[in-house]
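Working notes, structure below.
Convention: sequence-line order gives letters A, B, ...; per-chain numbering from 1. Just so you know, these numbers come straight off a predicted model, no measurement behind them.
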There are 2 protein chains.
Amino acid sequence: MSYDPSQFPAFAVTVDVVIMTMSEGTLKVLLVRRGEAPFEGMWAIPGGFKRPTETLDEAAKRELAEETGVDVPSLLTQFGAYGDPERDPRMNVVTIAYIAVLRDVGALVAGTDAADAGLVPVSDVLKGRIELAFDHLRIVRDALERVRVELELTGIATAFVGATFTLAELRTVYEAVWGVQLDAANFRRSVVAEDGWVIPTGRRARPGPAGGRPAELYRAGRAWSHGGPIHRFQREERK
Amino acid sequence: MSYDPSQFPAFAVTVDVVIMTMSEGTLKVLLVRRGEAPFEGMWAIPGGFKRPTETLDEAAKRELAEETGVDVPSLLTQFGAYGDPERDPRMNVVTIAYIAVLRDVGALVAGTDAADAGLVPVSDVLKGRIELAFDHLRIVRDALERVRVELELTGIATAFVGATFTLAELRTVYEAVWGVQLDAANFRRSVVAEDGWVIPTGRRARPGPAGGRPAELYRAGRAWSHGGPIHRFQREERK
DNA sequence: GCTTGTTCTGGTCCTGTCGACCAAAACTCT
DNA sequence: AGAGTTTTGGTCGACAGGACCAGAACAAGC
């Protein structure tokens with residue numbers, strides 16, 4: 001606790017944002033291609049320096065806006081800090097990592113220069129099929145684990161889908177994030193039973209190319225802070 | 001993503017450790033009294049500067065050892081980063097916050113200068129009966145919430161008790177952290193049913209001053225990563 | 001128009017879990 | 001010995017969750 005304000009080790013502080021989305025039924029993460037050394041040309045999580053005048057949350061929000069143009073993120077959660085001495089070969093950098101969960105940002109990404117930004121399946125990153133700069137692999141791993149927990153504890157699931165959605169869409173979120181298969185009927189019962197979480201709009205969705213009965217459209221109700229309708233514990237152990 | 005290594009805003013990076021323990025049946029937090037400005041004489045969470053050569057986890061471990069002498073913490077978890085521009089009036093300080101859960105450290109604290117370290121009930125801090133320096137109140141609040149979640153998801157409960165313990169001791173941990181009342185018989189069934197989590201030693205504990213049947217002594221088995229024996233969801237809603 | 005295929009919706013059944021409650025066991029203290 | 005206390009073990013009922021089935025509502029093909 002010896003505390004000398006004039007003499008302290010200086011660090012660079014950055015904010016990295018793991019932007020996750022559902023696309024084509026699988027969980028994807030937004031990556032950018034680095035234009036400079038070190039790790040030039042390699043994929044990385046978007047991020048940048050924190051400014052002295054802003055809070056960490058504000059910095060994350062700014063980085064997200066700069067990268068995707070999304071201004072009001074439905075979910076932006078801090079989940080970890082990384083400060084290993086050798087994580088950046090140039091200097092001492094401590095980074096604060098955030099998760100942003102967005103509705104499909106495929107259009108946004110396509111709008112930017114397609115060469116330096118892309119949506120990549122999370123599984124490809126975890127399996128090492130895509131190598132990331134710095135310790136970003138570890139950050140993505142931790143982010144996924146956090147999303148898995150958050151999915152059970154909070155209303156984060158609706159952040160993956162649009163303003164209105166079918167229960168089948170919502171179900172694919174759980175299935176993709178947890179890597180499980182859920183019974184459509186049972187899922188429906190659990191979600192609808194949780195009072196006030198999803199609100200029927202009365203309208204119906206257009207069936208997909210394969211036909212099928214049109215699904216009811218719902219919109220997100222209040223998000224709870226504890227205890228979602230779907231739990232994953234037994235599922236994992238038995239699988 | 002413009003990234004100029006030679007020109008970046010410099011920050012001080014500190015590591016703060018919220019040390020929690022069970023004492024006299026209630027949840028307590030270890031606080032130190034500040035000896036210097038700002039906030040001189042006020043209670044604060046122990047912490048200090050991160051060194052450029054160590055990782056964040058190592059820094060937290062070092063701070064914990066310096067403060068309590070405990071070298072092998074049963075639990076030391078990073079749970080948040082705080083970097084509001086005005087959180088330290090002197091300069092830009094980003095702090096990484098850790099939780100350390102320890103078996104009763106009352107003896108350790110008594111060993112140090114009693115004037116500048118003390119175990120304080122967490123509830124007193126949350127209710128504002130004890131004012132903390134910086135944004136440490138918020139940090140303690142977040143720490144408690146994290147412990148509550150962790151208690152359900154991991155084997156953290158055994159970190160609060162000693163090497164061997166009775167199920168009644170373990171039950172008071174859940175009751176104190178969650179603020180609930182649990183049925184002793186049901187608690188026992190749940191915990192013992194979880195295979196391999198607590199291991200009976202065959203020995204028995206001495207009954208307390210009020211007498212009563214002597215309880216079996218257990219020791220901690222493996223800690224699981226997901227899905228503890230006790231859940232709190234319905235409990236909270238009904239209470 | 002009818003059939004087939006697909007998807008969503010609603011229902012039943014069954015098992016396991018969890019809380020409430022009760023009773024016996026094993027100790028201390030008077 | 002008896003009262004009080006705490007642990008341990010058991011029963012019972014409510015309820016949630018998963019497996020499974022059937023009907024409803026659409027598209028596409030013949």
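- Distance, A:Leu217 CG to D:dC26 P: 13 Å, rounded to whole Å.
- In this structure, OH of A:Tyr218 is placed 12 Å from P of C:dC8, rounded to the nearest angstrom.
- No salt bridge links A:Arg148 with A:Glu152; every basic N to acidic carboxylate O contact stays at or beyond 4.0 Å.
- Residue-level contact check: B:Arg171 touches the backbone only, with heavy atoms under 4.0 Å from sugar-phosphate atoms and none from bases.
- OP1 or OP2 of D:dG9 has at least one side-chain nitrogen or oxygen of B:Arg188 nearer than 4.0 Å.
- To the nearest angstrom, C1' of C:dG19 lies 15 Å from CH2 of B:Trp178.
- In this structure, the CG atom of B:Asn186 is 15 Å from the P atom of D:dT7, given to the nearest Å.
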Listing time: all N or O pairs from protein to nucleotides 12-14 of chain D that are below 3.5 Å?
none

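- Using a cut-off of 4.0 Å between Lys/Arg side-chain N and Asp/Glu carboxylate O, A:Glu216 and A:Arg188 are scored as salt-bridged.
- One atom, CG of A:Leu182, and another, C1' of C:dC8, lie 16 Å apart when rounded to the nearest Å.
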Are there any protein N/O atoms within less than 3.5 Å of an N/O atom in nucleotides 27-30 of chain C, and if so, which ones and at what distance?
from   : atom 1 : to       : atom 2 : distance (Å)
C:dC27 : O2     : B:Gly212 : N      : 3.2

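- C:dC18 atom P lies 13 Å from atom CG of B:Asp183, rounded to whole Å.
- In this structure, A:Phe165 has its ring center no closer than 6.0 Å to that of A:Phe160.
- Using cut-offs of 30° and 60° on the angle between ring planes, the pair B:His136 and B:Phe134 is tilted.
- In this structure, B:Leu75 CG and B:Leu102 CG are separated by 9.0 Å, a value rounded to the nearest 0.5 Å.
- Nucleic acid contact class of A:Ala168 (heavy atoms, under 4.0 Å, all strands): sugar-phosphate only.
- Straight-line distance from the CZ atom of A:Phe187 to the C1' atom of D:dA19: 17 Å, rounded to whole Å.
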I'd like to know whether B:Thr55 forms a side chain to side chain donor-acceptor pair (under 3.5 Å) with A:Asp84, so could you lay out the CA-CA distance, the side-chain angles of the two residues, the decisive distance to 0.1 Å, and finally the verdict. CA-CA 4 Å; B:Thr55 68; A:Asp84 285 11; 4.5 Å; no
Yes or no on salt bridge (charged side-chain N to carboxylate O under 4.0 Å, His left out) for A:Glu175 and A:Arg171, after CA distance, side-chain angles and deciding distance? CA-CA 6 Å; A:Glu175 292 179 336; A:Arg171 184 163 44 84; 3.3 Å; yes
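- Map A:Thr166 and B:Ala185 each onto its nearest nucleotide of DNA chain C; the residue landing nearer the 5' end is A:Thr166.
- Using a 4.0 Å heavy-atom cutoff across all strands shown, B:Ala215 reaches sugar-phosphate atoms only and no base atom.
- Under a cut-off of 6.0 angstrom, the local environment of CZ in A:Arg62 is crowded, with over 12 non-hydrogen atoms contributed by other residues, nucleotides or ligands.
- Closest of all the heavy-atom pairs between B:Leu31 and B:Val120 is CD1-CG2, 4.0 Å.
- In this structure, CZ of A:Arg206 is placed 11 Å from C1' of D:dA27, rounded to the nearest angstrom.
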